[in-house]
Amino acid sequence: MTICQQIVNKIEEFDTIIIHRHVIPDGDAYGSSFGLSEIIRTTFPTKKVYVVGEELDYLHYVGVTDKIEDSLYEGALVIVTDTPNAARISDERWKLGAYKIKIDHHPFTDEFADIEWIDTTYTSTCEMIVHLLMECQLKISDNGARCLYNGIVSDSGRFLFRGVSSQTLRYASELLKYNFDMVELYEQMYTQSKEMVRFKGYILLNFEETAKGVAYVKLTDQLLKQLNISETSASSQVNTLANIEGIKIWAFFVEDKESEVIRVNLRSSGAAVNEIAKKYGGGGHVQAAGARVDTWATVDQMIEDLDELASQY
Ligand SMILES: [Mn+2]
């Protein structure tokens, strides 16, 4: 029996299914949890399905998260999507479920579920959910297809990232057979606040550069206040410095006054920036890593290390 069939068998077994996603959710976390809920609702109309977890305003167009009582977890199936480790599951009541399933495309981190379907060959968890839909011949609503399309587009960087395969496009194409307004969806996904556009303008006009090809900006608390942007929103925009001629590594150093740390976000076109992140107590992927440091003097040391690393590429 395939893992998808095992998952569907479990769904059939339970009357109540509660779907969780990761903290600080993104388009794929939202898309996969709401997309899966629409599949279950459409295929098994008598089942009760809930989607829970922290909400972010900018993702409200994907779906509205349920607020539920603890008692609903009694005898319920919990499915966690797009989340590799227990610590990152949003809403810790997931533990109250009678049986747990993980569906995720991140590299394995820790085991927390009874069935774990992990496959890093998929660009998004939404793509995995489309696989489940097709392999097990389940049904989905137009709105569910819209949710899954949202996750595939956002996690593949609009089909730009390495890892996008013929399967990614085939599954996206499958979703377009349903009736939803793709252009309206893109408008919802990519409309930016004026503050954000001005912030990116600031970054592009003011980034600094080292001799060997590291581009970076230091975003002090004072500067963030002037630009009217939060540390979290600022940190997420490091790729504003991607695809610049001659730049091999790009970095944001964002002061978080409340936690008294400077958040470091590192990206590269090939250089192993996770090695530098590790040296400073952080970690991550080869080309996308992060850390937290205490002082601007440490930041300057790190920039020197990054410059040395860039010289090797
Ligand atoms: Mn994802």
Side-chain angles (χ1 to χ4, degrees), residues 3-4 7 19-39 51-56 58-63 65 78-91 94 100-113 115-134 140 144-165 167-172 174-175 185-186 188-190 232 235-239 242 265 267 274 283-290:
I3 193 141
C4 284
I7 290 171
I19 306 173
H20 286 244
R21 55 186 178 233
H22 59 77
V23 293
I24 317 176
D26 57 14
D28 189 31
Y30 256 71
S32 57
S33 52
F34 284 108
L36 179 60
S37 77
E38 291 282 320
I39 288 178
V51 176
V52 302
E54 171 187 2
E55 293 183 271
L56 285 183
Y58 86 96
L59 287 165
H60 212 68
Y61 70 88
V62 182
T65 306
V78 165
I79 306 180
V80 181
T81 66
D82 202 35
T83 313
N85 54 334
R88 276 182 64 75
I89 304 173
S90 189
D91 193 336
W94 68 272
K100 289 123 188 160
I101 295 174
K102 177 206 277 185
I103 303 176
D104 186 38
H105 70 125
H106 296 95
F108 174 79
T109 308
D110 60 48
E111 190 178 325
F112 60 76
I115 295 179
E116 301 217 330
W117 179 26
I118 302 164
D119 194 332
T120 57
T121 65
Y122 289 87
T123 53
S124 61
T125 301
C126 282
E127 211 179 304
M128 298 175 76
I129 306 290
V130 180
H131 184 94
L132 179 81
L133 169 74
M134 291 170 72
I140 191 169
R146 183 187 70 99
C147 296
L148 294 177
Y149 193 79
N150 183 86
I152 291 181
V153 170
S154 59
D155 255 26
S156 70
R158 306 185 213 184
F159 306 105
L160 285 175
F161 296 161
R162 199 174 296 286
V164 170
S165 63
Q167 178 178 274
T168 315
L169 295 173
R170 197 150 34 92
Y171 286 4
E174 177 66 24
L175 295 173
L185 180 63
Y186 286 144
Q188 289 165 323
M189 291 177 80
Y190 296 113
T232 312
S235 297
S236 70
Q237 297 304 314
V238 61
N239 277 331
N265 264 298
R267 297 290 185 275
N274 58 338
H285 305 283
V286 174
Q287 291 174 246

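Keep in mind that what you see is a predicted model, and the values were worked out from it rather than measured. Atoms within a ligand are numbered from 1 in the order they appear, just like the ligands themselves.
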### Query
When rounded to the nearest 0.5 angstrom, what is the spacing between CZ in Phe112 and NZ in Lys100?
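Phe112 atom CZ to Lys100 atom NZ measures 10.5 Å (nearest 0.5 Å).
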### Task
Can you measure from CG (Leu133) to CD (Glu174) and round to the nearest 0.5 angstrom?
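Going from CG on Leu133 over to CD on Glu174, the span is 7.0 Å.
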### Query
Taking 2.8 Å as the cut-off, does an N/O/S atom of Asp104 lie below it from the Mn ion (ligand 1)?
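It does not: Asp104 brings no N, O or S atom closer than 2.8 Å to the Mn ion (ligand 1).
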### Query
N/O/S atom of His105 under 2.8 Å from the Mn ion (ligand 1), yes or no?
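It does: His105 brings an N, O or S atom closer than 2.8 Å to the Mn ion (ligand 1).
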Need the atom name: nearest N/O/S atom of [X] to the Mn ion (ligand 1).
X: Asp82; value: OD1
X: Asp155; value: OD2
X: Asp28; value: OD2

### Task
Please report the shortest heavy-atom distance between Asn150 and Tyr61, naming the atom on each side.
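Looks like OD1-OH, 2.8 Å.
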### Task
Could you check if a side-chain atom of Thr123 sits within less than 4.5 angstrom of a side-chain atom of His105, using non-hydrogen atoms only?
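Thr123 does not reach His105 side chain to side chain.
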### Task
Would you please classify the geometry between the His131 ring and the Tyr122 ring as parallel, tilted or perpendicular, with 30° and 60° separating the classes?
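The arrangement is perpendicular - the two ring planes meet at more than 60°.
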